[in-house]
Structure formats: C-alpha cells, structure tokens
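A short write-up of the structure that comes next.
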Amino acid sequence: MGDVLAGFHAAWEFESDSVLIRYERGIRTPKLFQALGERRIPLEAIEGVTLAPGKRGTVVLRVAPRPGADPLMEAAAGQLKESSDPYRLVLPAERETLAEYYADELRGLLTESGPAERHLVAAPETPRQFKAYDGKASFDGTSVSFRWFWTGASSAKWKAGDQRFPIGELSGVEWRSPEVFEGHLRLLRRDAGAPPAQADQDPAAVVFGLGYGPVHESLPFAAAVLAAVRTCEPVPAVAAAPRRDPADIADRIRHLGELHQAGLVTDEEFSVKKAELLAEL
C-alpha cells in the first residue's frame, strides 16, 4: 500500500505494517487530535475496519483497535465523544468508492483479534502536566506528582500535603471525563485499601470541572501514566525489620552503661548508641 487518504481533520497513510495517522491543526479540528499530532497504529493492534454513512454528505472510515492495544483508548474506557474518536476518518461522500477500496485492502492485511496482551500503540510522550480544579498534576515518566491549590483543594488534601507517586507503586489509572459529572483522574495504588468514595477527598486523585482538566490534556496524561504502569515492575515490598526483645535491648543498654562508666565509651558514643538501641524497640 503506502497511499494517503485525506479526510476532514486527518490524513491516513497506509503502510505495509501500520497506518500512520496525521491530524490537522486548525480551529475546527478537535483539540484532542491536535494534542496527539501523529500516531502510528500497527496492523497487529487493529481487529476490524468499517465504512458507514456519516452526517451531512459524508462517509466514515474507522479501524477498531483491539482491547488493551492502545493506552489512550484503554484510559478513555468508552467515554470519548464520537467526534473525538481518533480512529475515525470522515470523508466527503463522493470518496466512498476510494474509501471502500482502502478498507478492503486493509482488511486483507489483518491477522489479529481479541484482547492484546500488551500495549501495541505508543503512548503520548512525557513529561506531561495539566491543571485540575484542585491541583496541578505532573508526570515525568517515573512518578506522578500532585501539587494542591489552596483555592480548590479540600481540607483532607491539604492535611495530606502535596503528593508524589512512583510508577512502581501504582496498579492503574481511573479517568472520568471532565465532560461528565464528577470528572477526575485517580491513581490506583498497589496494596492500598479502598479509596475515598469522593475524588475531592482522595489525595491520590485530582478533580476536573470549571474548565480544568480538559480531555485533550488529562486523557493523554492518563494514557502516558497507564502505559508506564503496564511496563513497570512492581516495587518489591520492603520487609519490616523484626522488633527486638525489650529485655535484650535493656541488657545491651545496661552493658553499654557499664562500658561508659569504665571510660571505655565516650559520652557522645554512649548517647548515639543508646538512641540506636531504643529505636529498635
């Protein structure tokens, strides 16, 4: 293949092993498309192709990604509006025959279906950041940080303080679109108890609303974090040091005192070692 099919807001280049999607930049192009810029979709990440009539004299060519193949679509979890679906190419109706040709050609190259075992589409690049209603979220590729705003953060978040979450401590991301009620981004932590029901009370979540956390900023952020989580090994739990027997500690302190009285241990050494022994209780 190798041909280019241009539609409204995007152009698709068909290659032997992938579809390269280049999104336009313009005031009528959805902001999510502009934020994504360009995406390469490997054929192994696609499980189907459809061509259907669109609105107002258009046809819509769409490729269906396999579940779990694209971190962006996994994070979106079906919440994107149809007009913001990055896998749709809208064309004038007079180009339907050409679109059908490319759809048939593409179908003939597909060999995979069903859930993917790993992400096959590249995640949005890092670092990334955006402003939520109650704080600023930042991701540098290795950890996520939340810095609270005094004008929006709840008292629970202020008491908890600014937060930093290494990727190895996370198990996933929950994104709820800012275009619906109670939109938020919540980090799911490994080996943690149930989070607070309300995102505004959870130090592992930031809240959207009032123009904060728009889709084109918060969704690529969530996808980048999710992709990093999927490729990161969990941080091994550090076993807590066993508690020492208080009687043993008391004996050692008594022996240390005897050495101190005998002049074999200085005042400073005695104080430091005694503090270390007490810390083991």
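In this chain, residues are counted from 1 in sequence order.
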Please walk me through it: do L72 and V121 pass side-chain contact (heavy atoms from CB on, under 4.5 Å)? CA-CA 9 Å; L72 186 83; V121 182; over 6 Å; no
Test side-chain contact (heavy atoms from CB on, under 4.5 Å) on L80 and L219; report intermediate values, then the result. CA-CA 10 Å; L80 285 177; L219 179 56; 3.7 Å; yes
Given the rule in the side-chain contact (heavy atoms from CB on, under 4.5 Å) test, do R22 and W12 qualify, once you have shown the distances and angles that lead to the verdict? CA-CA 7 Å; R22 294 188 175 93; W12 289 13; over 6 Å; no
Stepwise side-chain contact (heavy atoms from CB on, under 4.5 Å) check, K31 with V215: CA-CA 8 Å; K31 290 185 177 180; V215 171; over 6 Å; no
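For the residue pair A10 and I21, the shortest heavy atom distance occurs at CB-CG2, 4.4 Å. Between G172 and V229, the shortest heavy-atom contact is N-CG1, 3.9 Å. The shortest heavy-atom contact between F208 and L185 is CZ-N, 3.6 Å. R186 approaches A197 most closely through the heavy-atom pair NH2-O, 3.7 Å. Of all the heavy atoms in R164 and S143, the pair that sits closest is NE-OG, 3.4 Å. Pairing each heavy atom of L226 with each of V173, the nearest pair is N-CG2, 4.0 Å.
Going from atom OG of S16 over to atom CG of L43 covers 7.5 Å, rounded to the nearest 0.5 Å. H9 contributes atom NE2, which lies 14.5 Å from atom CZ of R25 (distance to the nearest 0.5 angstrom). Rounded to the nearest 0.5 Å, atoms OG (S113) and CD1 (I46) are 13.0 Å apart. Here Q34 contributes atom CD and T29 contributes atom OG1; the two are 5.5 Å apart, rounded to the nearest 0.5 Å. Note that NZ of K136 and CZ of F149 are 7.5 Å apart. Values are rounded to the nearest 0.5 Å. The OG atom of S138 sits 9.0 Å away from atom CZ of F130, with the distance rounded to the nearest 0.5 Å.
Remark: the backbone N or O of P214 is not paired with any side-chain donor or acceptor of E217 at under 3.5 angstrom. A donor-acceptor pair is defined here as one N or O able to donate and one able to accept, closer than 3.5 Å; no such pair exists between the side chain of E24 and the backbone of G37. The backbone N or O of E44 sits less than 3.5 Å from a side-chain atom of R66, completing a donor-acceptor pair. Although no hydrogens or angles enter the test, the distance criterion places a donor-acceptor pair under 3.5 Å between the side chain of S171 and the main chain of L188. Looking only at distances, no side-chain donor or acceptor of W148 sits under 3.5 Å from a matching main-chain atom of D134. Side chain of Q163 to main chain of S145: no donor-acceptor pair is present (N/O by atom type, distance under 3.5 Å, no hydrogens or angles). Looking only at distances, no side-chain donor or acceptor of Q129 sits under 3.5 Å from a matching main-chain atom of P127.
More than 12 heavy atoms of other residues, nucleotides or ligands sit less than 6.0 Å from atom CD of E94. At most 12 non-hydrogen atoms from other residues, nucleotides or ligands lie less than 6.0 angstrom from OH of Y212. Other residues, nucleotides and ligands contribute more than 12 heavy atoms inside 6.0 Å of the CD atom of E38.
For the pair E182 and R176, the salt-bridge criterion is not met [side-chain N within less than 4.0 Å of a carboxylate O]. Under a 4.0 Å N-O distance rule, the pair E169/R190 does not qualify as a salt bridge. Using a cut-off of 4.0 Å between Lys/Arg side-chain N and Asp/Glu carboxylate O, R230 and E74 are scored as salt-bridged. Using a cutoff of 4.0 Å between basic side-chain nitrogens and carboxylate oxygens, D70 and R39 are scored as salt-bridged. A salt bridge is absent between R95 and E100; no separation between the charged side-chain nitrogens and carboxylate oxygens falls under 4.0 Å.
W158 and V206 are assigned to two separate hydrophobic clusters, defined by single-linkage of ILVMFWY side chains at heavy-atom distances under 4.5 Å. Tracing side-chain contacts under 4.5 Å through hydrophobic residues (I, L, V, M, F, W, Y), one never reaches F221 starting from V207; they form parts of separate clusters. Residues L109 and L98 are members of one and the same hydrophobic cluster, defined by side-chain heavy-atom contacts under 4.5 angstrom among Ile, Leu, Val, Met, Phe, Trp and Tyr. Both L91 and I41 are part of a single hydrophobic cluster, where members link through side-chain heavy atoms under 4.5 Å apart. In the hydrophobic cluster analysis, where Ile, Leu, Val, Met, Phe, Trp and Tyr join through side-chain heavy atoms closer than 4.5 angstrom, L89 is grouped apart from L20.
Of the N and O atoms on the side chains of D200 and Y133, not one donor lies less than 3.5 Å from an acceptor on the other residue. One side chain, E15 or S18, offers a donor N or O that lies under 3.5 Å from an acceptor on the other.
Taking the six-membered ring wherever Trp is involved, the centroid distance between the rings of Y102 and F14 falls below 6.0 Å.
Side chains of M73 and Y87 form a contact here, defined as non-hydrogen atoms less than 4.5 Å apart. Residues I167 and V225 are in side-chain contact: their nearest non-hydrogen atoms beyond the backbone lie under 4.5 Å apart. Under the 4.5 Å side-chain criterion, counting only non-hydrogen atoms from C-beta, Y23 is not in contact with P30.
The residue from V49, D85, L51 that alone fulfils the side chain to side chain contact (heavy atoms under 4.5 Å, CB included) condition with R62 is D85.
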